[in-house]
Structure formats: structure tokens, C-alpha cells
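What follows is a single structure, written as C-alpha cells, with notes after it.
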Amino acid sequence: MSTKKMPARKAVVDSNTCVACGCCMKVCPRNAITIPKGICAIVDQNLCVGCGKCAKECPASVITLEVYEV
Ligand code: SF4
Ligand code: SF4
């Protein structure tokens with residue numbers, strides 16, 4: 001049996017184009033997103049499970065899901 005783990009996906013926000021609307025924060029099932037000082041969304045990589053809900057919800061399309069080898 002293979003012991004290779006599946007690659008994990010994590011949400012990444014483009015801090016240059018995020019408009020801090022908070023839409024992503026509201027839909028995250030893990031409460032992994034915060035908007036410190038209302039400037040830009042930040043994803044806690046330890047909490048994010050890569051479900052992609054935030055990326056679908058973002059009106060500015062600035063969230064991408066990046067693959068991480070674990
Ligand atoms: S991918 Fe899912 S768990 Fe990760 S920040 Fe977005 S909504 Fe939250
Ligand atoms: S939904 Fe998009 S634009 Fe709005 S706070 Fe989240 S990352 Fe920024």
C-alpha cells in the first residue's frame with residue numbers, strides 16, 4: 001500500500017487586490033480568515049482545509065488555491 005499523502009490545498013489571498021469586503025470570511029467553515037485592521041484578508045494556513053468556498057465567494061477573484069506537498 002502506498003504511504004504517499006495527498007497534496008493539500010490552501011487558500012492564498014492576493015494582498016495587492018483584496019478589497020477587504022469580508023465575503024470570504026463569512027463563508028469559511030473553519031474560521032480561517034481574518035481581516036486585520038480592515039486592510040486585507042489573511043488566511044491562517046494551519047486552519048485552512050482548502051475547501052475553496054472563499055475563492056468561489058470572493059467578488060474580486062483574488063483568492064487562489066495553491067497545492068502544497070505534505
Ligand atoms: S479554502 Fe475553505 S477553509 Fe480555507 S480559507 Fe477558504 S473557505 Fe476557509
Ligand atoms: S472576499 Fe476577496 S476581496 Fe473580499 S475580503 Fe475576501 S479576499 Fe478580499
Side-chain angles (χ1 to χ4, degrees):
M1 197 196 288
S2 171
T3 54
K4 190 169 182 283
K5 287 182 185 167
M6 292 291 287
R9 296 192 309 163
K10 302 283 182 185
V12 177
V13 177
D14 182 344
S15 58
N16 293 317
T17 44
C18 169
V19 295
C21 65
C23 295
C24 54
M25 206 167 70
K26 286 181 199 150
V27 297
C28 178
R30 301 271 301 175
N31 292 324
I33 305 175
T34 51
I35 306 182
K37 296 178 183 169
I39 296 170
C40 171
I42 306 267
V43 178
D44 184 332
Q45 301 292 319
N46 293 317
L47 293 175
C48 175
V49 292
C51 70
K53 285 186 180 172
C54 56
K56 277 191 200 136
E57 203 65 26
C58 176
S61 301
V62 301
I63 304 178
T64 51
L65 289 167
E66 309 281 342
V67 174
Y68 284 78
E69 296 293 339
V70 287

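Indexing begins at 1, ligand by ligand and atom by atom, following the structure's order.
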Any atoms of ligand 1 less than 4.0 Å from a non-hydrogen atom of Gly50? List them with their elements.
1 (S), 4 (Fe)

Pairs under 3.5 angstrom only: tabulate donor-acceptor contacts from the side chains of residues 53-60 to other protein residues two or more places apart or in another chain.
none

Determine whether the side chain, the backbone, both or neither of Ile63 has a heavy atom under 4.0 Å from any heavy atom of ligand 2.
side chain

Can you tell me which portion of Ala20 lies within the under-4.0 Å heavy-atom range of ligand 2? Options are side chain, backbone, both, or neither.
backbone

Taking a cutoff of less than 4.0 Å between a non-hydrogen atom of the residue and any ligand atom, is Pro59 in contact with ligand 2?
yes

Sequence neighbours left out, cut at 3.5 Å: what donor-acceptor pairs do the side chains of residues 15-31 make with other protein atoms?
{"from": "Thr17", "atom 1": "OG1", "to": "Asp14", "atom 2": "OD2", "distance (Å)": "3.3"}
{"from": "Arg30", "atom 1": "NE", "to": "Leu47", "atom 2": "O", "distance (Å)": "2.8"}
{"from": "Arg30", "atom 1": "NH2", "to": "Leu47", "atom 2": "O", "distance (Å)": "3.3"}

What residue and heavy atom of the protein are closest to atom 4 (Fe) of ligand 2, and at what distance?
Cys21 SG, 2.2 Å

Protein heavy atom at shortest distance from atom 2 (Fe) of ligand 2:
Cys58 SG, 2.3 Å

Kindly write out the residues that satisfy side-chain contact (heavy atoms from CB on, under 4.5 Å) with Cys48, not counting sequence neighbours, or none if the list is empty.
Lys10, Ala11, Ala32, Val43

Anything protein N, O or S sitting under 2.8 Å from atom 8 (Fe) of ligand 1: count it and give me the total.
1

Looking at Gly22, which atoms of ligand 2 are within less than 4.0 Å of one of its heavy atoms?
4 (Fe), 5 (S)

Among all protein non-hydrogen atoms, which one is nearest to atom 8 (Fe) of ligand 2, and what is the separation to 0.1 Å?
Cys18 SG, 2.4 Å

To the nearest 0.1 Å, how far is atom 3 (S) of ligand 2 from its closest protein heavy atom, and which atom is that?
Val19 N, 3.4 Å

Can you list the ligand 2 atoms lying under 4.0 Å from a non-hydrogen atom of Val62?
2 (Fe), 7 (S)

So which heavy atom on Pro36 is nearest to which on Ile42, and how close?
CD-CG1, 3.6 Å

Going hydrophobic residue to hydrophobic residue with side-chain gaps under 4.5 angstrom, can you get from Ile33 over to Leu65?
no

